[in-house]
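Here is the structure we will look at.
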2 protein chains.
Amino acid sequence: MTANPIFRVVEGPASGRCEQCGIRKKAVCAYCSTPELVLLDAMKSYKDFAPGEEIAAAGEETTHVGTVVEGVVSLSKTMIDGRRQMVGLLFPSDFIGRPFRAIAPFDAVAVTHVRVCRFKRKSFESLCEESPNLEKRLLEMTLDELDASREWMLLLGRKSAREKLASFLAILARRAAGLADKPLANGVTVELALTREQMSEYLGLTIETVSRQFSQLKREGVIALKSAREVAILDFARLLDASGDESDGDALY
Amino acid sequence: MTANPIFRVVEGPASGRCEQCGIRKKAVCAYCSTPELVLLDAMKSYKDFAPGEEIAAAGEETTHVGTVVEGVVSLSKTMIDGRRQMVGLLFPSDFIGRPFRAIAPFDAVAVTHVRVCRFKRKSFESLCEESPNLEKRLLEMTLDELDASREWMLLLGRKSAREKLASFLAILARRAAGLADKPLANGVTVELALTREQMSEYLGLTIETVSRQFSQLKREGVIALKSAREVAILDFARLLDASGDESDGDALY
DNA sequence: CGTTGATCTTGACTTGGGTCAATGCGGAGG
DNA sequence: CCTCCGCATTGACCCAAGTCAAGATCAACG
């Protein structure tokens with residue numbers, strides 16, 4: 001389900017494996033070559049964060065990088081006067097942290113309960129030097145994130161409130177269907193990990209506008225709200241239409 | 001002046017050098033190791049583009065990647081109804097193209113006259129496999145671009161028109177001062193490569209709003225317009241103040 | 001040196017979404 | 001079961017920025 005993490009075990013016996021990120025002593029990794037894995041396995045550690053807990057703060061030194069194993073993490077930037085913009089959401093298998101830079105450029109906050117599989121940044125960096133495949137994998141993930149972040153710039157700069165919310169819900173619905181490995185049919189139910197306030201920070205809106213757009217889509221029969229945090233997509237075609245995006249496509253996400 | 005391109009020659013005689021991107025047969029490169037350079041030098045080619053000319057189109061296959069040698073390139077995304085958002089501006093020494101993906105995710109258009117030093121994407125990709133240092137350099141550049149693009153998300157999602165324009169001018173002024181290697185004093189003159197329309201696409205505004213904000217900053221004595229495309233920064237402190245950014249800092253740019 | 005066309009500026013008006021202020025609602029804890 | 005308390009919704013109002021419509025400016029060109 002959590003497809004394509006930066007590390008993945010592809011062969012070898014199951015014994016001694018880390019059940020969280022799949023790294024195992026003496027295993028062959030799909031991306032990095034064997035010997036480093038032993039080191040890596042020894043170096044890694046887990047850390048859990050409660051909802052709302054800060055994982056890293058913009059402007060402060062970061063000592064670790066890693067992979068989100070469980071839960072949802074928000075990346076955001078806050079202005080002096082308190083205005084805040086979320087610049088990314090991380091899900092299980094996503095890489096978290098900023099290699100090759102001591103100071104974190106953004107705040108990372110746990111949205112739900114979060115478990116991170118961590119390595120010391122320095123160790124990870126030297127491991128990168130030694131293991132080109134690991135580095136290549138990280139490069140590919142970073143390029144994908146860059147594309148996604150630019151896609152989000154279109155949403156922030158040009159889309160209406162309605163289009164913003166519809167786009168967001170469409171992405172979550174695709175994600176939910178993808179994880180469940182189901183075709184994207186009407187009636188999919190999406191669990192919203194975010195509060196209205198967090199959504200407003202992600203979409204560049206206010207909490208009231210987000211709420212109003214939910215009500216509007218509900219009134220039109222595009223979605224149904226089982227509860228405030230549980231949305232059923234009743235009419236995916238009309239949702240996509242409202243999103244302003246080019247038709248169906250499994251986009252970059 | 002065009003600091004930190006993906007390739008740079010650091011030693012060896014000047015003969016046989018490519019004066020545009022600094023790659024030379026048998027030279028030692030700061031980022032990638034020697035042997036590949038011979039190949040690289042043989043593979044590279046130059047291409048020029050006129051202002052407004054399309055370098056790559058979103059959704060179409062790309063055959064090349066490369067480095068901007070001269071001029072300014074815009075990356076943008078257009079919605080079906082014509083709304084357009086610029087998602088990046090590329091200057092000399094910036095990497096252009098999308099390795100490891102056949103389809104271009106964004107439009108690349110020449111803003112000024114542009115010269116690009118190009119390599120076949122496939123060749124570049126295999127070169128990456130072989131030359132970890134090259135790959136590392138590309139990774140670092142991509143991480144920096146990701147940070148910058150997230151920074152821009154804050155501008156698009158949360159800043160007022162005034163703050164947007166002030167931020168933009170501050171970035172250009174820093175750039176101009178940096179290239180001229182001068183301290184950032186009041187009175188720096190900034191050449192605007194972009195039309196008002198292009199600025200509005202970059203800032204997520206309309207052309208009229210951009211124009212009005214220019215007039216406003218002029219009225220307040222923060223800037224002076226020598227011509228429509230030539231701005232003098234009269235009061236850098238107040239410009240930064242208007243930008244909503246945290247103080248002076250040489251930010252990520 | 002006047003015409004043309006693109007670019008830029010300015011004004012008048014409209015509007016989407018922000019602000020402020022109640023009100024509703026549902027789960028945790030007494 | 002009632003009472004908080006944090007979240008969510010809804011309404012009334014307002015304003016920043018968008019839209020529409022003239023004009024101004026300026027470089028290119030016949």
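Naming: A, B, ... by sequence-line order, numbering from 1 per chain. In this text the structure is predicted, and so the values were computed from the model without any measurement.
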On DNA chain D, more 5' by nearest nucleotide between B:K164 and A:L194 is A:L194
Quickly work out the A:E208 CD to D:dC7 P distance and round it to whole Å. 14 Å
Rounded to whole Å, please give me the gap between CD1 in A:I207 and P in D:dA8. 6 Å
Pair B:E151 + A:K77: basic N to acidic O under 4.0 Å: yes
In whole angstroms, the gap separating P of D:dG18 from CZ of B:R83 amounts to 12 Å
Contact class for A:L192 vs. all strands (heavy atom < 4.0 Å): base, sugar-phosphate, or nothing? nothing
Give me the one residue out of B:V68, B:L90, B:V73, B:V109 that meets side chain to side chain contact (heavy atoms under 4.5 Å, CB included) with B:I55. B:V73
Is B:T195 touching bases, backbone alone, or none of the nucleic acid, heavy atoms closer than 4.0 Å? sugar-phosphate
Within the 4.0 Å heavy-atom criterion, would you say B:R229 contacts the bases, only the backbone, or no part of the nucleic acid? sugar-phosphate
First and last nucleotide of DNA chain C, 5' to 3', lying under 4.0 Å from heavy atoms of chain B: C:dC8 to C:dA12
How many Å lie between CZ on A:F214 and C1' on D:dC7, as a whole number? 13 Å
Near B:E53 CD, under 6.0 Å, is it more than 12 heavy atoms from other residues, nucleotides or ligands? yes
What integer distance in Å separates B:K226:NZ from D:dC26:P? 16 Å
Which is more 5' along DNA chain C, the nucleotide nearest B:V210 or the one nearest A:S160? Just name the residue. B:V210
Which part of the nucleic acid, if any, lies within contact of A:S227, taking any heavy atom under 4.0 Å across all strands shown: a base, the sugar-phosphate backbone alone, or nothing? nothing
With a 4.0 Å cutoff (strictly under), does any side-chain N or O of A:S215 reach OP1 or OP2 of D:dT10? yes
Rounded distance [0.5 Å steps], OG1 in A:T67 versus CE in A:M141: 6.5 Å
In short, B:E201 meets B:Q85 closest at the heavy-atom pair O-NE2, 3.0 Å
If you round to the nearest 0.5 Å, how far is NZ of B:K159 from OG of B:S167? 3.0 Å
Whole angstroms only, please: what is the CD-P distance between B:E230 and D:dC26? 13 Å
Checking all strands, does A:R162 fall into the base, sugar-phosphate, or nothing category for heavy-atom contacts under 4.0 angstrom? nothing
Of A:R196 and A:R158, the one whose closest nucleotide on DNA chain D sits nearer the 5' end is A:R196
Rounded to whole angstrom units, what separation is found between the NZ atom of A:K218 and the P atom of D:dT9? 7 Å
Less than 6.0 angstrom from the centroid, inside 45 degrees of the normal: does A:R175 satisfy that with respect to the ring of A:F91? yes
Could you check whether A:R115 makes a cation-pi contact with A:F49, meaning its NZ or CZ is under 6.0 Å from the centre of the six-membered ring and within 45° of the ring axis? no
Base D:dT19 to side chain B:R212, donor-acceptor N/O within 3.5 Å cut-off: yes
Once you apply a heavy-atom cut-off of 4.0 Å, does B:L225 come out as touching a base, just sugar-phosphate, or nothing? sugar-phosphate
Quick note, B:T209 side chain, CB onward, closest among D:dG18, D:dC7, D:dC20 is D:dG18
Nearest whole angstrom, please: distance from the C1' of D:dT9 to the CD of A:E197. 15 Å
